[in-house]
Amino acid sequence: MGTLWRSEEMSMVQLYIPMELAQPTVAEIGELGLIQFRDLNPDVNAFQRTFVNDIRRLDDMERKLRFLRAQIDKASIKLRGDPSTVAAARARSQLEVDELDERLTEHEARVAQMNASQETLNKRYLELTELRHVLKETNVFFEDAESRSEEIRNSGQQEESSLIRGAQDEPESAEEGRATSRGANLGFVAGVVPRARMGTFERILFRALRGNLFMNYAEIDELIRDPVTDETVNKNVFIIFAHGKEIIAKIRKICESLGATLYPVDGNYEKRRQDSAQVIARIDDLKHVLDNTTFTRRSELVKVAETIEVWATIIKKEKAIYYTLNMFNYDQNRKALIAEGWCPTNSINAVRYALRSVTERTGHTIPAILNELRTHKAPPTFHKTNKFTAGFQGIVDAYGMASYREINPGIFTVITFPFLFALMFGDLGHGFIMALFAAWMCRYEVNLSTKKWGEIWATFFGGRYIILLMGIFSMYTGLVYNDIFSKSMNLFGSGWAYHQENNSTAKWVGKYEHTYAFGVDPAWYGTDNALIFSNSYKMKQAVVIGVIHMVFGISLQILNHLHFQRPWYILYETVPQLLYMLSLFGYLVFIILFKWAVHWQNPSEAPGLLNTLIYMVLSPGTILMQLYPGQASVQTFLILLWLLCIPWMLLVKPYMLKYEHEKHIAAGYTNLSQENLSGGDTPSASMDVDRNAVGGHGGHEEMNHEEHFDFGEIMIHQGIHTIEFCLNGVSNTASYLRLWALSLAHAQLSEVLWDMIFVNSLNASAGLGSFLGPIAIVIGFSLWFSATVSILLVMEGLSAFLHALRLHWVEFNSKFYEGQGVKFEPFSFESLMAEEEAE
Amino acid sequence: MGLLTIFISFLVYAGIGAVGFSLVPRGEDQFVYRTAVALTFTSTWLMWAITYLAQLNPLVVPERTWTLHHAGAGDHSSSIAGHGL
């Protein structure tokens, strides 16, 4: 009958796949996305499954990919790849996967190696830089100390400093400074220490050596990069002079413990100069090599970045394939895999065709075979939606997945949902803006679908067609309510003529001439008693539409009962429910329409419908104000009918079931039903696929109940159902009054915003003059417009959306919908990729 | 006028609906779209009809109190021109 009417027919299929064809077949099925596989090895541990090694290998490949991706991120290279081609990537054969593995290993090794060498080079570079600084600064120290030694020598008074004695002896080597050449006693230690530790360093040295040292230090201006922690540190160059090997050794140990790096510096100035030159040359070389390495690494990563997304997709798909393969049964004798799963009956040919194409492509002689199986298991529910209907089906599924092959409320939701929304939102202007927004989203949906603007945007974008229809219907109801941004339009000529009352007061009263052609008459706009008319009109409209919606829902039960071959349920349940609703609330709708249709000569004689209904129930037969002749007997009859329906709903079905059950036992069918039970799972009344097996008549499902036909349980269940329905009859009808309540709130809010914000700004601008006046209007308009969008469109829109949804879920669905189904989730690469996107 | 208009409008809406029916392209979703067309015209006609019916035999008349500002503002005995657009 069409796609959304009922869920698709599903069959259980069995596939025989020869081992060589395993991977390509499952890949092809993944592309199609038509089969939901059953796990045939549920008790097997994840580690004991057949294809564990392949999955491990793929996991390894993913790890390498992650490493490469992290490196790419660190080097801030942009990943390239058009999403649609990326999603379509797949490995055609086992060979391709092996190749990919090799390439990944190669890339990983190369990049890792380059990383390691870069690290070493960096460290070396750092050391050389520090050495350069050390050489530079110690030069200064030596010169410094050397000049001071001149003075000291000249003063000639110190006797304890063996430091200078040597200088006196050999004046020609005075410029060399006190170095180890002077004698075995004097030594120095030079190195670099972090500036933060300088103070501690000095103190420890002083305490440990009891002051027998001379220390000098200088700051290094440039920041040194520490290769280990990757931070920049301030460092100082220091040089310590001390005499005695022991002391020097102690100094060295202290330096090491404090994290200072020591560098060999020669006492000889020439040597130092040569060293310095050498160091600078080496630094240059090193920089060169470092740059080269960085460049090569970067180009390698760029190359990888071009295809990494494609590889990621391929690996993901392969992993999914192997997980699926793990669900299959391995047939030892024929070296084949057996797979079982659900597939829509109409698509079986497509799957067969795909299997054939795989065989042709790989060139094997033995094809994969597909069999249909018969089963008692409950199939999953599959609704074929397109991009337009998907949103509506989504909000139905959120309440509950339809049972297999029951009538799907989604097909009606496409229109009734926007319509009920519009009844609560009705405003031509607001509807127009909403429709415009939705139209923009729909028009540019291809571009917009790739944008990642957050979850809220994604929700709105997913429901763009719903919002579009909501907007269009709101425009229509806005026309009927005659409401555009809280103002009314006079398009067809008002049906009321105003004249002054008593000719002296300021009160004007309308006289009825004809009915306005389309919608609410504009004469009501701005009147004192506008709400008296509009409330009465909207409340009655809400009740009429609500009763029609609910009666429609109950009638859908008929279609379900006929389809599942239990036609007498119509008599047991549907008829009493219909009569219950119609005799009371259908009658209410009738008297509403009747009172409207009749011309009342004297308005005070028009009976109040509320009282009519109350008296009808409380004391039938008593009529206070007559609506039509014969009313008393009609109402009494209807009340009796209404009361009769209650025991009808309560007792008929259980007793008839009991009667059928006893008839079956008497006819000796018990044994047959015992056998049946071994195959089926759910004894629920609606979903057996093959009816032919057991005579195909309404008492069939009781066969499955045979063992547990508990009359008490059925009676209780029916009692609950009846009470629920009877109470809900009243409360749900009243619930539809929210259609009135929300539209009133919307209209009032709209009016308040207009009067308080915009009209006030217009009034204010009148007194402000020709320069400030327009500015006031601009400000007033922006305030009014932003309040309209945020309060009336967004807040009221969400509110009306929610209430319309509630009306569908509770009031409508409870009349006929079972919603006990399971969703059909086929093995599909498309949904796999979509899942990844969402993460 | 009156009730007859309602029946005529029903035919008009139904006619438009029939046109809509025939415009739906053949395909597997045809049933869905035809149902949508039918529901659209049912609901829109229903709303129009209820609104029309509610105003056919009015039991309340509109009253408005003009402020002194407007009281002497000309002859308003014909169709209202005042606040409507």
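Proteins get letters first, then strands, A, B, ... in listed order; numbering begins at 1 in each. As the structure is a prediction and not an experimental result, all values here were calculated from the model.
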Original post:
Between T51(B) and Y537(A), is any side-chain donor less than 3.5 angstrom from a side-chain acceptor?
Top reply: yes
Original post:
If you take all heavy atoms of F473(A) and S43(B), which pair is closest and at what distance?
Top reply: CE2-OG, 4.1 Å
Original post:
Side chain, backbone, both or neither: which part of A422(A) has an atom under 4.5 Å from a heavy atom of chain B?
Top reply: neither
Original post:
Is it the backbone or the side chain of Q30(B) that comes under 4.5 Å from a heavy atom of chain A, or both, or neither?
Top reply: neither
**OP:** Could you please spell out the steps behind the side-chain contact (heavy atoms from CB on, under 4.5 Å) verdict for T40(B) and F419(A)?
**Re:** CA-CA 8 Å; T40(B) 310; F419(A) 178 61; over 6 Å; no
Subject >> Heavy-atom pair count under 4.5 Å with chain A, highest-scoring of I6(B), T35(B), L53(B) >> reply: L53(B)
Original post:
Side chains of P58(B) and F533(A): does their closest heavy-atom pair fall under 4.5 Å?
Top reply: no
Original post:
Considering only heavy atoms, which portion of A597(A) lies under 4.5 Å from any heavy atom of chain B: side chain, backbone, both, or neither?
Top reply: both
**OP:** Answer with side chain, backbone, both or neither: which region of T477(A) has an atom nearer than 4.5 Å to a non-hydrogen atom of chain B?
**Re:** both
Subject >> Reported NE2-to-CG distance for the pair H514(A) and L56(B), which is rounded to 0.5 angstrom >> reply: 12.0 Å
**OP:** Check whether L46(B) gets within reach of chain A through its side chain, its backbone, both or neither, counting any heavy atom under 4.5 Å.
**Re:** side chain
Subject >> Beyond-backbone contact of Y498(A) with P62(B), side-chain heavy atoms, under 4.5 angstrom >> reply: yes
Original post:
If we only count heavy atoms from C-beta on, is the W524(A) to Q55(B) side-chain gap below 4.5 Å?
Top reply: yes
Subject >> Distance, nearest 0.5 Å, that separates CZ of R64(B) from CG of N529(A) >> reply: 10.0 Å
**OP:** State, with a plain yes or no, whether a side-chain heavy atom of K384(A) is found less than 4.5 Å away from one of E28(B).
**Re:** yes
**OP:** For the residue pair W5(A) and F31(B), categorise the inter-ring angle as parallel (less than 30°), tilted (30 to 60°) or perpendicular (more than 60°).
**Re:** perpendicular
Original post:
Minimum heavy-atom separation for A36(B) to I415(A), with atom names?
Top reply: O-CG1, 3.4 Å
Original post:
For chain B, which of F518(A), W600(A), Y481(A) has the most heavy-atom pairs under 4.5 Å?
Top reply: F518(A)
Subject >> Within-4.5 Å side-chain heavy-atom neighbours: W596(A) and Y52(B) >> reply: no
Original post:
Between K595(A) and L59(B), what is the shortest heavy-atom contact and its length?
Top reply: CE-CD1, 3.6 Å
**OP:** Kindly compute the distance separating CD1 (I50(B)) from CD1 (I592(A)), expressed to the nearest 0.5 Å.
**Re:** 8.5 Å
Subject >> Region of F41(B) in contact with chain A, defined by heavy-atom distances below 4.5 Å >> reply: neither
Original post:
What part of N482(A) is in contact with chain B, defined as an atom under 4.5 angstrom from a non-hydrogen atom: side chain, backbone, both or neither?
Top reply: neither
**OP:** Pick one of side chain, backbone, both or neither for L479(A), based on which atoms fall under 4.5 Å of a heavy atom in chain B.
**Re:** neither
